[in-house]
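Remember, predicted model here, so these are calculated numbers, not experimental data.
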Amino acid sequence: MQHFDVVILGAGFGGSLTALLLDRIGLSVALINRGRHPRFSIGESSTPIAGYLLKSLSEEYDLPQFQPFCKYGTWQESYPHLACGIKRGFSYFSHEPDQKFQTKLEHGSELLVTANHSDLLADTHWYRADVDHFFAEEVQKSNVVYLDQTEVDLKLSGEWSIRGERMGDRVDIRAAFLIDATGAAGMVPEALGIERKTDFQTNSRALYGHFKNVTSWREILNQNQIDQSDYPFDCDSAALHHVLREGWMWQLRFNNGIASAGFVLDSVQNEVSAEQIWGELLNRYPAIQSQFNGASVIAPESGLCITNRLQRGWKVCAGENWALLPHTAGFIDPLHSTGIAHTLCGIERLVERFKKYWGQDEFTEALAAYSESIQTELALIDELVSCCYRTLNHFDLFSVSTLFYFAAATSFEHLRCLEGERPLFLCADDAGFKQAIRDWLDLVSRFQLEGDYDSDEIKQVVFKAEQLLKPWNRVGLFHPRSSNMYHYTAAPE
């Protein structure tokens with residue numbers, strides 16, 4: 001039987017990075033993984049604050065091997081064999097059912113928001129099979145005990161008993177503390193009987209896969225002679241969103257010829273197969289269908305994935321001798337690419353608590369504060385996403401709803417990068433900002449119920465949004481050089 005200070009369940013990049021950081025501060029750590037790398041995983045789009053957080057962690061804890069992942073240029077220079085995608089920002093295109101894509105006056109059906117100055121300084125899409133494998137390999141070079149292909153059962157009696165089997169051999173481990181990085185599996189809260197959260201504003205589900213031979217959206221626009229001369233970046237070098245009546249579609253391109261693509265639907269579950277839903281949606285939106293005429297699913301091996309409701313969470317995220325990383329604590333929706341950055345933010349906060357309070361009476365109180373902070377952040381993400389879903393049928397208002405996210409992200413970036421403050425993720429602890437979002441959510445919810453409204457009413461609503469966001473509008477939101485074309489929004493390098 002082996003004994004550790006901390007055992008971590010789940011060896012995605014979050015679990016692996018946490019193991020390495022705790023090893024750096026002198027704790028004995030084991031990392032247990034049910035599967036093995038490399039493996040298919042979804043959740044790939046990074047953001048400026050994710051790069052900043054990873055850079056900060058790698059510097060503070062002397063893990064220079066992770067610095068290149070912070071920007072596309074350094075990634076290509078240091079790890080060209082690890083697949084990734086270039087992400088200059090976010091691009092959105094609005095579609096009407098059974099119609100070809102059409103532009104409108106002042107880019108009324110397009111929105112591009114730039115996050116960085118150049119391709120070299122761009123953010124990235126993480127090809128998780130390669131990235132997670134790299135992180136796990138770094139764990140195996142460290143003092144951390146790494147056990148993959150391991151099935152375990154959990155029991156808490158004073159300390160954690162972790163028993164199971166690894167490739168026919170018995171596993172018997174004791175741990176003072178357990179960190180759950182298993183995502184939706186939620187092994188620790190399941191074992192403890194923690195109550196699930198159900199009170200979400202957002203209600204969505206997804207179907208997705210990795211594809212080969214997806215025609216670029218730029219090529220489709222060229223075929224239809226749609227002018228892109230004032231786009232601030234290549235619309236495919238982004239987290240590309242097709243905004244639909246039923247929800248939206250993401251497309252993320254990697255430099256190995258693979259594209260991650262998925263529909264996220266604002267609807268209830270039914271019994272129709274993933275393939276049938278996928279085919280029906282492509283038939284309904286001919287411009288998107290033209291992208292996939294020659295495409296094929298290459299991962300996962302079983303074909304397209306389909307989910308039940310995406311929104312999940314636990315009412316408690318940490319206790320006296322356990323904690324959940326953010327992606328295990330809960331998940332809302334991939335719309336704003338919050339996953340990687342939120343995971344890194346949670347890791348930073350949790351490891352700081354170990355560093356300051358491990359073995360002290362204050363540790364339990366610090367963990368309670370960690371739990372509350374994660375819940376607060378997830379609630380904010382839920383409201384930001386819900387605003388967008390409630391405006392899907394009116395792209396002018398949908399575009400404004402996204403600006404509430406960009407105000408949150410850029411304010412957080414400025415506070416962290418330029419002013420040295422430590423707010424919660426996306427300024428979730430700013431009471432004034434939270435109230436502004438709730439006011440906007442209430443407003444668009446009323447419009448959603450009322451249905452049709454004229455252009456003057458929309459202008460009044462947009463003006464109301466601008467006034468609500470004024471204290472957090474640090475980057476010229478609502479006033480781009482060209483309508484819906486934002487040339488730079490991130491905090492200065």
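Between the side chains of Arg174 and Ser161, a donor-acceptor pair is found at a separation under 3.5 Å. Counted by atom type alone, Lys87 and Ser237 present zero donor-acceptor pairs between their side chains at under 3.5 Å. Asp333 and Tyr389 form a side-chain donor-acceptor contact under 3.5 Å, judged by distance and modelled atom types alone. Side-chain N/O atoms of Tyr370 and Gln375 include no donor and acceptor closer than 3.5 Å. Residues Gln251 and His125 have side chains that never bring a donor and an acceptor to within less than 3.5 angstrom of each other. Side-chain N/O atoms of Gln291 and Thr215 include no donor and acceptor closer than 3.5 Å. Between the side chains of Arg88 and Asn116, a donor-acceptor pair is found at a separation under 3.5 Å. Side-chain contact annotation: Ser260 with Glu44, donor-acceptor N/O pair under 3.5 Å present. No side-chain donor from either of Gln149 and Asn33 sits under 3.5 Å from a side-chain acceptor of the other. Side-chain atoms of Asp123 and Ser46 include no donor-acceptor pair closer than 3.5 Å. In summary, the side chains of Glu165 and Thr150 do not present any donor paired with an acceptor at a separation below 3.5 Å, with no hydrogens or angles considered. For the residue pair Asp130/His81, the side-chain donor-acceptor check at 3.5 Å is not satisfied.
Separation of the Phe354 and Trp358 ring centroids falls under the 6.0 Å cut-off. Between Phe211 and Trp278, the ring centre distance stays below 6.0 Å. Centroid-to-centroid, the aromatic rings of Phe13 and Trp126 come within less than 6.0 Å. In this structure, Tyr486 has its ring center at least 6.0 angstrom away from the ring center of Phe406. With ring centers used as reference points, His95 lies under 6.0 Å from Trp217. Ring centers of His210 and Phe254: under 6.0 Å apart, within the cut-off.
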**Tyr231 vs Met485, side chain to side chain contact (heavy atoms under 4.5 Å, CB included): CA-CA, chis, key distance, verdict** = CA-CA 7 Å; Tyr231 283 9; Met485 299 287 123; 3.8 Å; yes

**side chain to side chain contact (heavy atoms under 4.5 Å, CB included) evaluation trace for Phe4 with Gln2** = CA-CA 7 Å; Phe4 296 90; Gln2 294 176 288; 3.6 Å; yes

**Message:** Please determine whether salt bridge (Lys or Arg N to Asp or Glu O under 4.0 Å) holds for the pair Asp148 and Arg166, giving the CA-CA distance in whole Å, both sets of side-chain angles, and the decisive distance to 0.1 Å.
**Reply:** CA-CA 8 Å; Asp148 64 356; Arg166 181 176 190 261; 2.7 Å; yes

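Residue Asn321 comes nearest to Ala176 through the heavy atom pair CB-O, 3.3 Å, listed as atom of the first residue, atom of the second, then distance.
Between Glu59 and Lys55 there is a salt bridge, since a side-chain N of the basic residue sits under 4.0 Å from a carboxylate O of the acidic one. Between Lys355 and Glu60, at least one side-chain nitrogen of the basic residue sits less than 4.0 Å from a carboxylate oxygen of the acidic one, meeting the salt-bridge criterion. By the 4.0 Å N-to-carboxylate-O rule, Asp172 lies close enough to Arg163 to be salt-bridged with it. Salt bridge status for Arg34 with Glu151: present, with a side-chain N to carboxylate O gap under 4.0 Å. A salt bridge links Arg218 with Asp234: the closest approach of a Lys/Arg side-chain nitrogen to an acidic carboxylate oxygen falls below 4.0 angstrom. Ion pair Arg416/Glu348 flagged as a salt bridge, since at least one NZ, NE, NH1 or NH2 atom sits closer than 4.0 Å to an Asp/Glu carboxylate oxygen. For the pair Glu377 and Arg349, the salt-bridge criterion is met [side-chain N within less than 4.0 Å of a carboxylate O].
For the pair Lys71 and Phe69, the cation-pi test (distance below 6.0 Å, angle within 45°) is failed.
With Thr343 contributing its side chain and Gly339 its backbone, the two residues share a donor-acceptor pair below 3.5 Å. Side-chain atoms of Tyr405 never come within 3.5 Å of backbone atoms of Ile381 as a donor-acceptor pair (strictly under, hydrogens ignored). With hydrogens and angles disregarded, a donor-acceptor distance shorter than 3.5 Å links the side chain of His241 to the backbone of Ala239. Panel note: side chain Ser290, backbone Ala287; a donor-acceptor pair is recorded below 3.5 Å.
Relative ring orientation between Phe331 and His327 is described as perpendicular, the plane-to-plane angle rising above 60° on a 0-90° scale split at 30° and 60°.
Side-chain atoms of Trp322 and Ile179, non-hydrogen and from C-beta on, never get closer than 4.5 Å to each other.
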